[in-house]
Amino acid sequence: MKQLKNFGEFESLRQELKVKEAENEKKVRIYIAMATCSIASGSAKVLEYFKEEMPKQPVEFVIKPTGCLGLCHSEPTVEVVLPGSGPVVFGKVDTKRAKLIIDEYIKNGKLIDGVIEEN
Amino acid sequence: MKSKQIKIALRNCGHIDPEDLSDYIARDGYKALSTTLSGSRETVVQTIIKSGLRGRGGGGFPTGKKWELAAAVKGDKKYVICNADEGDPGAFMDRSVLEGDPHSVLEAMAVCGYAIGADEGYIYIRAEYPLAIKRLKIAMAQAKEAGLLGQNILGTGFNFEIGLKYGAGAFVCGEETALIKSMEGNRGEPIMKPPYPAQKGFMGKPTNVNNVETFANIPAIINKGADWFASIGTEGSKGTKVFALAGKVKNVGLVEVPMGTTLRELIFDIGGGIVGGKKFKAAQTGGPSGGCLTEKHLDTPIDYESLKAAGSMMGSGGLIVMDEDNCMPAVAQFYLDFTVEESCGKCVPCREGNKVLYQILNKITHGNGTLEDLKKLKDLSEIIKSTSLCGLGQTAPNPVLSTLNNFYDEYYEHVVEKKCRAKVCRALIKYIIIPDKCVGCGACKRACPAEAISGEIKQKHLIDQDKCIKCGACYQKCKFNAIIIE
Ligand SMILES: Cc1cc2nc3c(=O)[nH]c(=O)nc-3n(C[C@H](O)[C@H](O)[C@H](O)COP(=O)(O)O)c2cc1C
Ligand code: SF4
Ligand code: SF4
């Protein structure tokens with residue numbers, strides 16, 4: 001990132017990034033927890049899988065490795081936000097479940113088992 | 001069900017790429033720093049005071065007041081320290097913040113630096129947190145490159161550099177004076193306060209120490225306003241608290257709830273209740289410095305004051321849930337084992353006193369305790385609390401006192417009836433085969449490592465109590481529920 005020299009430059013970068021973020025909302029967003037606990041339970045493989053498989057799908061998407069949502073009991077967790085819908089968090093995701101998430105939820109909007117309800 | 005959680009400290013965790021500064025900025029990152037730098041130092045301090053934020057590292061000292069004190073001290077050089085030692089067994093909220101949202105802590109430290117007049121900060125982090133360290137390093141480099149840390153931040157002339165210092169994982173080094181000693185390259189031993197770090201801290205200079213979670217709240221308070229923050233929580237405890245739910249609760253993990261949430265909501269609504277439908281017995285808050293809450297506390301709104309009144313403390317946010325299978329004298333012994341190990345040894349009451357507490361508890365859990373011992377536990381605990389130098393020693397007896405107060409009957413059973421109702425203390429239990437139920441399959445005999453079980457195939461089996469080492473292997477193996485624990 002280039003050096004921000006004053007408040008003005010910061011503010012315009014901020015607005016620019018907000019616009020970009022708003023654009024992302026038109027895409028399928030996939031957040032993959034990559035904290036110590038998630039990685040220990042296998043999230044790196046899940047991240048790789050999405051990175052490999054999503055470009056083959058006929059949808060626009062963003063994939064983000066993130067920190068964790070605190071759902072240690074269900075790691076690895078993957079949050080998927082379809083354009084216009086609320087976030088859905090899938091727990092205990094391995095590559096098999098990742099495939100189901102893509103085939104059922106991302107492509108067809110059909111929920112699969114193992115969605116975590118946040119209390 | 002509507003979520004009972006409110007995420008402030010964890011607002012970005014799980015929603016941004018912690019290794020990408022753009023993500024953070026898109027979610028109002030560094031906006032608080034920009035706002036701060038365009039106003040006066042007093043304004044920031046007043047905002048934090050007004051918000052009612054209190055330290056999340058354990059003590060609960062008002063953060064704004066602390067900044068005000070550090071700001072008032074005259075000095076050409078001051079420091080900001082972020083305490084990321086997190087030594088409480090079972091606690092990992094700070095790690096989660098650092099791994100999921102490192103910039104929020106960096107930003108808050110710079111805000112603090114501006115408020116108190118410091119140009120240098122350090123994060124004291126345990127070396128066992130490699131991923132958090134890696135992400136902090138990336139974040140520091142990115143913020144510096146963007147001119148949001150370092151020299152002449154956003155062209156304002158304000159400088160703030162941040163460095164990392166590594167801890168070796170000693171619990172006592174989380175205590176602020178020991179932490180500063182350790183940072184200076186000395187033995188991590190606490191010293192007498194006053195002088196407080198605000199007067200004479202790192203390298204003898206005025207220093208402000210805050211916890212990771214405390215810092216993580218700061219940008220949100222500045223962006224959304226002190227009144228917004230103060231509208232969440234209870235009279236004396238504002239905002240939220242992150243808890244690490246662990247133990248016999250279904251949904252083990254991190255939760256962030258408004259201050260004033262009840263233990264019942266935490267354990268049963270958010271935590272999903274007790275594993276295996278067992279009966280709730282107690283919840284330990286405050287780790288080895290805290291105490292346990294029991295059924296009668298289930299509906300108490302949790303905040304700094306109510307926990308203290310219940311004989312426990314907020315601590316850093318560890319919350320360990322126990323059920324009917326936990327033996328309370330054994331739980332106290334577990335915590336004492338930890339504090340005896342972690343005492344720095346500088347002062348006698350803590351170094352020697354806690355050892356004696358541990359030995360008495362050991363006697364009790366091995367069936368050799370007396371009523372006299374229970375009295376000794378109590379008296380000695382009081383002495384250690386009032387005469388130890390630092391918070392470690394002053395709070396180490398809390399788990400003993402709290403279990404004695406709430407579960408005296410369990411202690412009584414151990415010393416008088418020589419019984420452990422939770423069937424945890426090996427010296428007080430017996431494995432017995434019920435002849436009527438034994439079909440003579442021999443599974444127990446094959447499993448026994450001590451050759452304590454006799455009996456021919458299809459004949460009743462018998463455990464020789466003198467040989468039995470109470471490992472429980474037979475109990476696990478018997479498919480006919482013929483083995484019971486007494
Ligand atoms: C034995 C002992 C261990 C402590 N460990 C920690 C710790 O791991 N993290 C922390 O932030 N504070 C810890 N503290 C509290 C610190 O001394 C200090 O009060 C705190 O870092 C101040 O920050 P706060 O006001 O933001 O809570 C510990 C205190 C004691 C007595
Ligand atoms: S109370 Fe314990 S840990 Fe604290 S200074 Fe004394 S010996 Fe060291
Ligand atoms: S508890 Fe262990 S040692 Fe005792 S009889 Fe059973 S298997 Fe043998």
Quick check: closest heavy atoms across [X] and [Y], and the distance to 0.1 Å?
{"X": "Ser22(B)", "Y": "Met1(A)", "answer": "OG-CE, 3.4 Å"}
{"X": "Pro18(B)", "Y": "Thr66(A)", "answer": "CD-CA, 3.8 Å"}
{"X": "Arg135(B)", "Y": "Met34(A)", "answer": "NH2-O, 2.7 Å"}

Check each atom of [X] against the heavy atoms of chain A and say whether the ones under 4.5 Å are side chain, backbone, both or neither.
{"X": "Ser38(B)", "result": "both"}
{"X": "Leu148(B)", "result": "side chain"}
{"X": "Asp23(B)", "result": "side chain"}
{"X": "Leu10(B)", "result": "neither"}
{"X": "Gln142(B)", "result": "neither"}

Is it the side chain or the backbone of [X] that comes within 4.5 Å of chain B heavy atoms, both, or neither?
{"X": "Glu21(A)", "result": "side chain"}
{"X": "Lys2(A)", "result": "backbone"}
{"X": "Ala33(A)", "result": "neither"}
{"X": "Ile32(A)", "result": "neither"}
{"X": "Phe7(A)", "result": "both"}

May I ask you to check whether over 12 heavy atoms, not counting those of [X], lie within 6.0 Å of atom [atom1]?
{"X": "Lys45(A)", "atom1": "NZ", "result": "no"}
{"X": "Lys31(B)", "atom1": "NZ", "result": "yes"}
{"X": "Asp113(A)", "atom1": "CG", "result": "no"}
{"X": "Lys20(A)", "atom1": "NZ", "result": "no"}
{"X": "Lys56(A)", "atom1": "NZ", "result": "yes"}
{"X": "Glu60(A)", "atom1": "CD", "result": "no"}

Next item on the list: Might you work through the side chain to side chain contact (heavy atoms under 4.5 Å, CB included) test for Cys72(A) and Phe92(B), ending with a clear yes or no?
Entry: CA-CA 11 Å; Cys72(A) 309; Phe92(B) 52 96; 3.6 Å; yes
Starting at [atom1] of [X], measure out to [atom2] of [Y] and round the result to the nearest 0.5 Å.
{"X": "Phe10(A)", "Y": "Leu33(B)", "atom1": "CZ", "atom2": "CG", "answer": "7.5 Å"}
{"X": "Lys144(B)", "Y": "Gln3(A)", "atom1": "NZ", "atom2": "CD", "answer": "10.5 Å"}
{"X": "Lys64(A)", "Y": "Asp17(B)", "atom1": "NZ", "atom2": "CG", "answer": "6.5 Å"}

Counting heavy-atom pairs under 4.5 Å to chain A, which of [options] comes out on top?
{"options": "Gly253(B), Ala146(B), Gly155(B), Ala246(B)", "answer": "Ala146(B)"}
{"options": "Ser34(B), Gly147(B), Pro130(B)", "answer": "Ser34(B)"}
{"options": "Ala26(B), Cys13(B), Ala132(B)", "answer": "Ala26(B)"}
{"options": "Leu21(B), Val257(B), Asp28(B)", "answer": "Asp28(B)"}
{"options": "Ile153(B), Leu154(B), Asn12(B)", "answer": "Leu154(B)"}

Q.
Any heavy-atom pair between the side chains of Cys68(A) and Arg95(B) that's under 4.5 Å?
A. no
(request) Give the member of Pro87(A), Ala35(A), Ser38(A) that has the highest number of heavy-atom pairs under 4.5 Å with chain B. (result)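 Winner by heavy-atom pair count: Ala35(A).
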Test log, rule side chain to side chain contact (heavy atoms under 4.5 Å, CB included), inputs Lys18(A) and Ile25(B): CA-CA 8 Å; Lys18(A) 281 202 176 278; Ile25(B) 295 178; over 6 Å; no
**Request:** Using atom types as modelled and distance alone, determine if a side-chain donor or acceptor of Glu99(B) lies under 3.5 Å from a backbone N or O of Thr36(A).
**Result:** yes
